[in-house]
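Just below is one structure, and these are the notes that go with it.
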Amino acid sequence: METNKEINFGYRKQKIKLLEWEVKFSFDQNSSMFWEPEFEIFMGDIDANGHHELTIDAILYYRPDKDNYAFMIKTRNVFRVGFYNDYSNKNFIISILMDVALAHTRAICLDKNMEEKLPLPLIPNFKPSMLHRYANIRLFTPSLIECSYERRHQSGKLNAIVGNMNIGIEEFRNYVIKFEPKPITHPDSIIAGLTHKEGEMQGYANFNYDYEHHEGDEWKMHIDYGMGILPIAEIKVRSSFLLHCKEEELFSIPVLSVIIEEAIINCNERFTEQCKVHNIEFDGSIPANDEQLKMHSQHVINQYFGSRKKDDINNNKMKNDPQPMTFGENTILITKGTFMILDEILFHNNAFDHKHNWEAVSECPIIEPFYLTLKANYMEIEKGEIQLTFFQTVLFYLCLDVALQMMISEHSDKLQAALIKNNFVPERQKEYIKFGNEFYKRLNKNLKDCGATITNLEARRDWASIIR
């Protein structure tokens, strides 16, 4: 990094907030412990004065290794930033503001450290070159409501009674998959025949799910619940739960009803939040009823025992054989870039026909609940090596194939506004195409070397002509 670089920008501190402070176990500051930072960034739209509200969530771990930590602190720093119409230095500027955020975190940590009489060493100064590298590889969070650090401590404990067993349920994540305002002028509101008549509304809901079975009795259940209120908006939310129980206990109406009811509550809460973010006036909800909970629960049970369990048995090796993926800048770029592109063509960008595109990719099969589970697992790559099933590895390369073809086709123009806003600048896009193609070719070679044949990977489709 150039040390004598001159930049022209201004910023003002808007907010400094301690999000979380956790001491997990005793530690010795003379041991091999080290400080490690993480960042999550959201850049708001430009205001009338040409300024952005830039949010940097900083998290510092004090840890003995990549898999454990003894202590962590999370802070939120909000800046009002003026780039003065020069975005060429954006990442350089953000790396400077990362350092400012770390300085605030260091001061808060020192104060809390003295207050609680902990033997924590001072958070060090990180090299400008390292922070600039962080800024370069960081793809921004699309929405402030999706910043994970403030939500990470929202995990809740639920319980369900099955026979004489009390089943503990931990909700460990919920987030917005998609939110779209649908005012009276939106095509869906027009098709529904709604007018400007006060109080005239139409509601609807959709439901899907996925699960992961780990060693022993550990299960993760993911509920994707969506609802729409015309002429207000439409939302879809994923809620994820961790359970330790037997198969017949998880796939039972008492347990699933509790999980699904919580997912519907989350969906209503996120709907209200997003309406506020988008300045939409709305005060209401669509609560769950017992009949609805039983219907959805029975659907999951019937589908699991009717087909999905059999598929799991038949595809046991693909579902259970773990494939490691290691941490690296190029790996993060390929991972986050792929899902950013797929999210645009499947969920967010109205220049694309989402319904048609989902039908097209589902034949691969990139099915929506599978895709969301895949994305959640792959995004953990920022924290270190991840273990993925063979099925998930193949599914990711199918997603990569779609994304790469989008970037070298006429569809690329429709993606640019969203990609650039989220720091996926043209230079990074070129790197993504280069490294992504190498990544894809390497998989096919590895498959041939081990004698595996994956038809979906060998017969590449012309996604540029299929996607619309």
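On a predicted model such as this, the values are computed, not experimentally measured, just so you know.
Between the side chains of Ser95 and Arg133, no donor N or O sits under 3.5 Å from an acceptor N or O. Using a 3.5 Å distance cut-off with no hydrogens or angles, the side chains of Glu180 and His186 do pair a donor with an acceptor. Between Asn174 and Arg270, the side chains place a donor N or O and an acceptor N or O closer than 3.5 Å (distance only, hydrogens not considered).
Judged by distance alone, the side chain of Gln405 and the main-chain N or O of Arg461 form a donor-acceptor pair under 3.5 Å. No donor-acceptor pair under 3.5 Å is formed between the side chain of Asn422 and the backbone N or O of Phe424. Between the side chain of Ser362 and the backbone N or O of Pro365, no donor-acceptor pair lies under 3.5 Å. In this structure, Asp353 contributes its side chain and Arg468 its backbone to no donor-acceptor pair below 3.5 Å. Checked by atom type and distance alone, the side chain of Thr105 pairs as donor or acceptor with a backbone atom of Ala101 at under 3.5 Å. Remark: side-chain polar atoms of Asn279 are not paired, donor with acceptor, to backbone N or O of Cys275 under 3.5 angstrom. The backbone N or O of Asp462 sits less than 3.5 Å from a side-chain atom of Ser465, completing a donor-acceptor pair. No donor-acceptor pair closer than 3.5 Å links the side chain of His52 to the backbone N or O of Arg80. With hydrogens and angles ignored, the 3.5 Å screen pairs a side-chain donor or acceptor of Thr335 with a backbone N or O of Thr331. Between the side chain of His132 and the backbone N or O of Ile94, no donor-acceptor pair lies under 3.5 Å.
Proximity of Leu60 to Met72: side-chain heavy atoms (C-beta onward) are nowhere separated by under 4.5 Å. Here the side chains of Ile280 and Ile232 are in contact, with some heavy-atom distance below 4.5 Å. Annotation: side chain of Pro369 is not in contact with side chain of Tyr209 (no heavy-atom distance under 4.5 Å). Considering only heavy atoms from C-beta on, Lys15 stays 4.5 Å or farther from Asn77 through its side chain. In this structure, the side chains of Asp99 and Pro128 stay at 4.5 Å or more apart for every pair of heavy atoms. Side-chain contact between Lys430 and Lys434 is absent, with no heavy-atom pair separated by less than 4.5 Å. Counting heavy atoms from C-beta outward, Leu131 and Phe92 have side chains that stay 4.5 Å or more apart. Counting heavy atoms from C-beta outward, Arg173 and Ser239 have side chains that stay 4.5 Å or more apart.
The two residues Met43 and Leu54 make their nearest non-hydrogen contact at CE-CD1, 3.8 Å. When all heavy atoms of Ala70 and Pro64 are compared, the pair lying nearest together is N-CD, 4.5 Å. Asn350 approaches His354 most closely through the heavy-atom pair OD1-CE1, 3.6 Å. Nearest heavy-atom pair across Tyr397 and Tyr440 is O-CE1, 3.5 Å. Across all their heavy atoms, Trp463 and Ala360 have their closest contact at CH2-O, 3.9 Å. Between Pro124 and Arg106, the shortest heavy-atom distance links the atoms O-NH2, 2.9 Å.
Annotation: Tyr211 is not in aromatic contact with His222 [ring centroid separation under 6.0 Å not met]. Proximity of the aromatic rings of Phe34 and Tyr62 is defined here by a centroid distance below 6.0 angstrom, and this criterion is not met. The distance between the ring centers of His278 and Phe179 falls below 6.0 angstrom. Less than 6.0 angstrom separates the ring centroid of Phe71 from the ring centroid of Trp21. The six-membered or imidazole ring of Phe396 lies near that of Tyr378, with a centre-to-centre distance under 6.0 Å. Between Trp358 and Phe347, the ring centre distance stays below 6.0 Å. For Phe370 and Phe391, the gap between ring centers is short of 6.0 Å.
Pairs passing the salt bridge (Lys or Arg N to Asp or Glu O under 4.0 Å) check and including a residue from residues 404-418, sequence neighbours excluded, do not occur.
With rounding to the nearest 0.5 angstrom, the CG atom of Asn266 is 6.0 Å from the CD atom of Glu269. Atom CD1 of Ile235 and atom CD of Glu273 lie 8.5 Å apart (nearest 0.5 Å). To the nearest 0.5 Å, the span separating CD on Glu36 from CD1 on Ile123 amounts to 13.0 Å. Note that CD1 of Ile229 and CD1 of Ile286 are 4.0 Å apart. Values are rounded to the nearest 0.5 Å. Distance CE/Met379 to CD1/Ile332: 10.0 Å, rounded to 0.5 Å. Here Glu22 contributes atom CD and Ile59 contributes atom CD1; the two are 9.0 Å apart, rounded to the nearest 0.5 Å.
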side-chain contact (heavy atoms from CB on, under 4.5 Å) between Thr55 and Phe140, worked out
CA-CA 10 Å; Thr55 300; Phe140 301 162; over 6 Å; no

Evaluate Tyr371 against Leu395 for side-chain contact (heavy atoms from CB on, under 4.5 Å), listing each step before the verdict.
CA-CA 8 Å; Tyr371 170 81; Leu395 198 61; 5.8 Å; no

Run Phe172 and Leu242 through side-chain contact (heavy atoms from CB on, under 4.5 Å) and show every step you take.
CA-CA 7 Å; Phe172 64 91; Leu242 176 66; 4.0 Å; yes

Where do Glu212 and Asn377 land on the side-chain contact (heavy atoms from CB on, under 4.5 Å) test, with the steps shown first?
CA-CA 11 Å; Glu212 298 173 84; Asn377 289 335; 2.9 Å; yes

Could you walk me through whether Lys236 and Glu368 pass the salt bridge (charged side-chain N to carboxylate O under 4.0 Å, His left out) test, one step at a time?
CA-CA 12 Å; Lys236 185 173 287 186; Glu368 185 175 321; 2.8 Å; yes

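For the pair Arg442 and Phe439, the cation does not sit on the ring face, since its NZ or CZ is not both under 6.0 Å from the ring centre and inside 45° of the axis.
By the neighbour-count criterion of 12 heavy atoms within 6.0 Å, atom CD of Glu115 is densely surrounded, having more than that number from other residues, nucleotides or ligands. Other residues, nucleotides and ligands place more than 12 heavy atoms under 6.0 Å from the NZ atom of Lys421. The environment of CD in Glu116 is crowded: more than 12 heavy-atom neighbours from other residues, nucleotides or ligands sit within 6.0 Å.
Using a 4.0 Å cut-off between charged nitrogen and carboxylate oxygen, Lys220 and Asp210 do not count as a salt-bridge pair. Between Lys441 and Glu438 no salt bridge is recorded (no basic side-chain N to carboxylate O distance below 4.0 Å).
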